[in-house]
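This report concerns only the one structure given below.
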Amino acid sequence: MLFLALESSCDETSAAVFNSDLQILSNVVASQTELHARFGGVVPEIASRAHVRNLLPVVEEALERANIALNQIGCVAVHNTPGLVGALLISVSAAKMFALALGVPLVAVNHVHSHIYAARIAAGRDIFPCVGLVVSGGHTSLFQCDSALSLNLLGGTRDDAAGEAFDKVAAMLGLGFPGGPALEREARNGNPKAFAFPRSFADNERLEFSFSGVKTSVLYACHGFNVSKGTPPPSGQKRADLAASFQEAVVDVLALKCLQALRKSKFKRLAVGGGVSANLRLRQKLEEMAAKEDVELFIPPLNLCTDNAAMAALAVEKWKLGEFAADDLDAEPNFA
Ligand code: KG4
Ligand code: ZN
């Protein structure tokens with residue numbers, strides 16, 4: 001059974017072809033980074049318009065790379081929540097039309113749940129039950145995952161998502177957009193102990209995150225308390241030290257809260273997904289923690305960490321249960 005999946009929740013337009021054995025035959029991603037870079041963040045209307053332009057070419061390429069014809073598709077899958085509503089609507093509408101035209105079922109899946117399922121796809125075997133951490137530009141959420149489709153939110157962020165904090169601090173340091181990868185590169189030359197940035201909720205068991213404090217601390221460490229518009233970003237060793245110390249503070253709390261969630265749930269498996277899980281320092285910290293705690297760690301390869309349509313293979317689980325989307329399926333921007 002072949003599936004065509006579509007993703008357009010934020011600033012990547014993606015189409016993938018996979019089969020019901022979770023083999024990924026193609027996973028094409030058109031990034032809009034260049035369109036948004038000069039604004040320092042994703043502009044929703046620009047994102048939607050780019051999805052309209054990119055979607056069909058991306059689908060055509062996904063079919064071509066998988067070496068199949070459109071009429072061989074037996075089910076269409078789409079992420080309909082959460083995300084930018086105008087962006088989600090593009091792939092939701094297109095998926096409905098593909099399903100109708102082909103006379104095949106449509107399955108809707110949650111983008112955040114799919115980020116965890118990416119670890120299942122990469123593992124090539126069952127990883128549930130597990131603790132799941134999704135760390136992306138829009139989310140920092142810990143889940144108790146009893147199964148692929150039964151996820152209970154243990155806690156999330158009270159303000160910025162981890163990726164958002166990486167992007168904003170990178171902008172403060174003059175590192176450009178998207179900031180996560182650039183900040184990680186800068187941090188390689190810095191001392192992670194140079195600045196003692198705060199680790200929110202580290203002294204208690206609350207499974208929550210907050211990154212606004214560390215962000216403000218970086219701002220004050222850059223410029224003191226007299227920040228005015230146009231102050232140039234720090235440079236040289238100071239910039240590298242700020243980047244390394246910020247990254248260390250963020251990955252410390254992420255690893256600590258995973259540990260607390262593992263102990264609370266008594267699960268011995270941890271699955272991590274979302275763009276920030278591409279961060280090598282985070283991977284290293286989680287590997288150390290997992291080895292010490294005798295926990296199995298599942299983190300997908302980089303192309304399955306950032307937004308993509310192949311992770312929507314979570315739809316295979318719903319398809320097996322006959323959980324198809326209704327004709328009036330809508331895009332749901334808020335986290336469900
Ligand atoms: O999952 P994703 O592609 O999109 C969302 O659903 O948000 O995540 C994008 C986020 C951005 O904030 C980006 O800066 C961050 O992931 N990111 C990273 C790294 N690569 C991407 N953050 C830290 N280190 C990285 N290497
Ligand atoms: Zn995402």
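Every heavy atom of this structure was used, including side-chain atoms; hydrogens, water molecules and symmetry mates were not. We're numbering straight along the sequence, starting at 1. Just so it is clear, the structure is predicted and the values come from calculations on it, not from any experiment.
- In terms of modelled atom types and a separation under 3.5 Å, the side chain of Asn334 and the main chain of Glu332 share no donor-acceptor contact.
- How far CD1 of Ile116 is from CD1 of Ile127: 8.0 Å, rounded to the nearest 0.5 Å.
- Between the side chain of His36 and the backbone N or O of Val43 there is at least one donor-acceptor pair closer than 3.5 Å.
- Under a 4.0 Å N-O distance rule, the pair Arg281/Glu248 qualifies as a salt bridge.
- You'll find the side chain of Gln32 reaches within 4.5 Å of the side chain of His51, heavy atoms only.
- Lys268 and Asp294 are not joined by a salt bridge, as no carboxylate oxygen comes within less than 4.0 angstrom of a charged side-chain nitrogen.
- Here the side chain of Thr140 pairs no donor or acceptor atom with the backbone of Gly156 at under 3.5 angstrom.
- Residue Pro192 comes nearest to Gly190 through the heavy atom pair CD-O, 3.5 Å, listed as atom of the first residue, atom of the second, then distance.
- Under the 3.5 Å distance criterion, the side-chain polar atoms of Glu61 are left unmatched by any main-chain donor or acceptor of Val58.
- With no hydrogens or angles considered, a side-chain donor-acceptor pair links Ser114 and His79 at under 3.5 Å.
- Considering CG of Leu314 and CG of Leu151, their distance stands at 8.5 Å, rounded to 0.5 Å.
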side-chain contact (heavy atoms from CB on, under 4.5 Å) between Met172 and His223, worked out = CA-CA 10 Å; Met172 275 180 221; His223 307 294; 5.9 Å; no

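- Here the CG-CG distance, from Leu102 to Leu4, works out to 8.0 Å after rounding to the nearest 0.5 Å.
- Atom CG of Asp327 has 12 or fewer neighbouring heavy atoms from other residues, nucleotides or ligands inside a 6.0 Å radius.
- Note that the CG atom of Leu302 and the CG atom of Asn279 stand 10.0 Å from one another [nearest 0.5 Å].
- Side-chain N or O atoms of Lys96 include one that pairs as donor or acceptor with a backbone N or O of Leu329 at under 3.5 Å.
- A heavy-atom distance below 4.5 Å is not found between the side chains of Gln247 and Val250.
- Minimum heavy-atom separation, Val131 to Ser265: CG2-OG, 3.3 Å.
- Side-chain atoms of Ser136 do not come within 3.5 Å of backbone N or O of Gly274 as any donor-acceptor pair.
- For Glu64, the CD atom counts as loosely surrounded, since its 6.0 Å shell holds 12 or fewer non-hydrogen atoms of other residues, nucleotides or ligands.
- Counting all heavy atoms, side chain and backbone alike, Ala313 lies closest to Ile121 at CB-CD1, 3.8 Å.
- Across Leu6 and Ala94, no two heavy atoms sit closer than the pair CD1-CB, 3.9 Å.
- Cluster membership for Val28 and Val78, using ILVMFWY side-chain heavy atoms within less than 4.5 angstrom, is not shared.
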Derivation of the side-chain contact (heavy atoms from CB on, under 4.5 Å) call for Cys130 and Phe298 = CA-CA 10 Å; Cys130 66; Phe298 300 94; 5.9 Å; no

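- Asn303 has its side chain out of reach of Asn308: every pair of non-hydrogen atoms, C-beta onward, lies at least 4.5 Å apart.
- Between Phe128 and Tyr117, the ring planes are parallel. Angles under 30° get that label, and only those over 60° would be called perpendicular.
- Panel note: side chain Arg65, backbone Leu25; no donor-acceptor pair is recorded below 3.5 Å.
- Contact annotation: the side chain of Leu89 never approaches that of Ser48 to less than 4.5 Å [non-hydrogen atoms, C-beta and beyond].
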Derivation and outcome, side-chain contact (heavy atoms from CB on, under 4.5 Å), residues Val104 and Phe324 | CA-CA 10 Å; Val104 301; Phe324 305 137; over 6 Å; no

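- The shortest distance between side-chain heavy atoms of Arg206 and Arg158 falls below 4.5 Å.
- Considering all non-hydrogen atoms of both residues, Ala310 and Leu304 come closest at CB-CD2, 4.0 Å.
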Stepwise salt bridge (charged side-chain N to carboxylate O under 4.0 Å, His left out) test for Glu184 and Arg188 = CA-CA 7 Å; Glu184 180 177 8; Arg188 276 186 217 141; 5.0 Å; no

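- The aromatic rings of Phe197 and Phe195 sit parallel to each other, their planes meeting at less than 30°, with 60° as the upper class boundary.
- Counting all heavy atoms, side chain and backbone alike, Lys257 lies closest to Leu207 at O-CD2, 3.7 Å.
- Residues Ile46 and Phe39 form a side-chain contact, since some pair of their non-hydrogen atoms from C-beta on lies under 4.5 Å apart.
- With hydrogens and angles disregarded, a donor-acceptor distance shorter than 3.5 Å links the side chain of Gln237 to the backbone of Asn189.
- Without hydrogens or angle criteria, Asp11 side chain to Val42 main chain gives no donor-acceptor distance under 3.5 Å.
- In this structure, Arg49 pairs ionically with Glu45, as a charged nitrogen and a carboxylate oxygen lie closer than 4.0 Å.
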Could you go step by step and tell me if Glu293 and Leu270 meet the side-chain contact (heavy atoms from CB on, under 4.5 Å) rule?
-> CA-CA 11 Å; Glu293 296 290 315; Leu270 173 64; over 6 Å; no

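- Judged by distance alone, with hydrogens and angles left aside, the side-chain atoms of Asn191 form no donor-acceptor pair with the main-chain N or O of Asp241 at under 3.5 Å.
- Arg199 pairs with exactly one of Leu256, Val214, Asp252 by the side-chain contact (heavy atoms from CB on, under 4.5 Å) rule, that one being Asp252.
- A salt bridge is absent between Glu288 and Lys292: the closest approach of a Lys/Arg side-chain nitrogen to an acidic carboxylate oxygen does not fall below 4.0 angstrom.
- Side-chain contact check for Gln260 and Arg263: no donor-acceptor pair (N or O, by modelled atom type) lies under 3.5 Å.
- Side chains of Ser91 and Ser8: a donor-acceptor N/O pair is present below 3.5 angstrom, by distance only.
- Here Asn19 contributes atom CG and Cys75 contributes atom SG; the two are 12.5 Å apart, rounded to the nearest 0.5 Å.
- Rounded to the nearest 0.5 Å, atoms OG (Ser147) and CZ (Arg120) are 12.0 Å apart.
- Looking only at side-chain heavy atoms (C-beta outward), Ile73 and Ile68 come within less than 4.5 Å of each other.
- Within the 4.5 Å cutoff, the side chain of Asp307 has heavy atoms near those of the Ser9 side chain.
- Clustering ILVMFWY residues whenever any of their side-chain heavy atoms sit less than 4.5 angstrom apart, transitively, puts Phe98 in a cluster other than the one holding Leu88.
- A continuous path of Ile, Leu, Val, Met, Phe, Trp and Tyr side chains, each step under 4.5 Å between heavy atoms, connects Val134 with Leu153, placing both in one hydrophobic cluster.
- When ring centroids are compared, Phe166 and Phe246 come within the 6.0 Å threshold.
- Follow the hydrophobic side-chain contacts under 4.5 Å out from Val295 and you reach Val135 in the same cluster.
- Between the side chains of Asp159 and Ser210, at least one donor N or O sits under 3.5 Å from an acceptor N or O.
- Val92 is not connected to Val112 by any chain of hydrophobic side-chain contacts under 4.5 Å among Ile, Leu, Val, Met, Phe, Trp and Tyr, and they are in different clusters.
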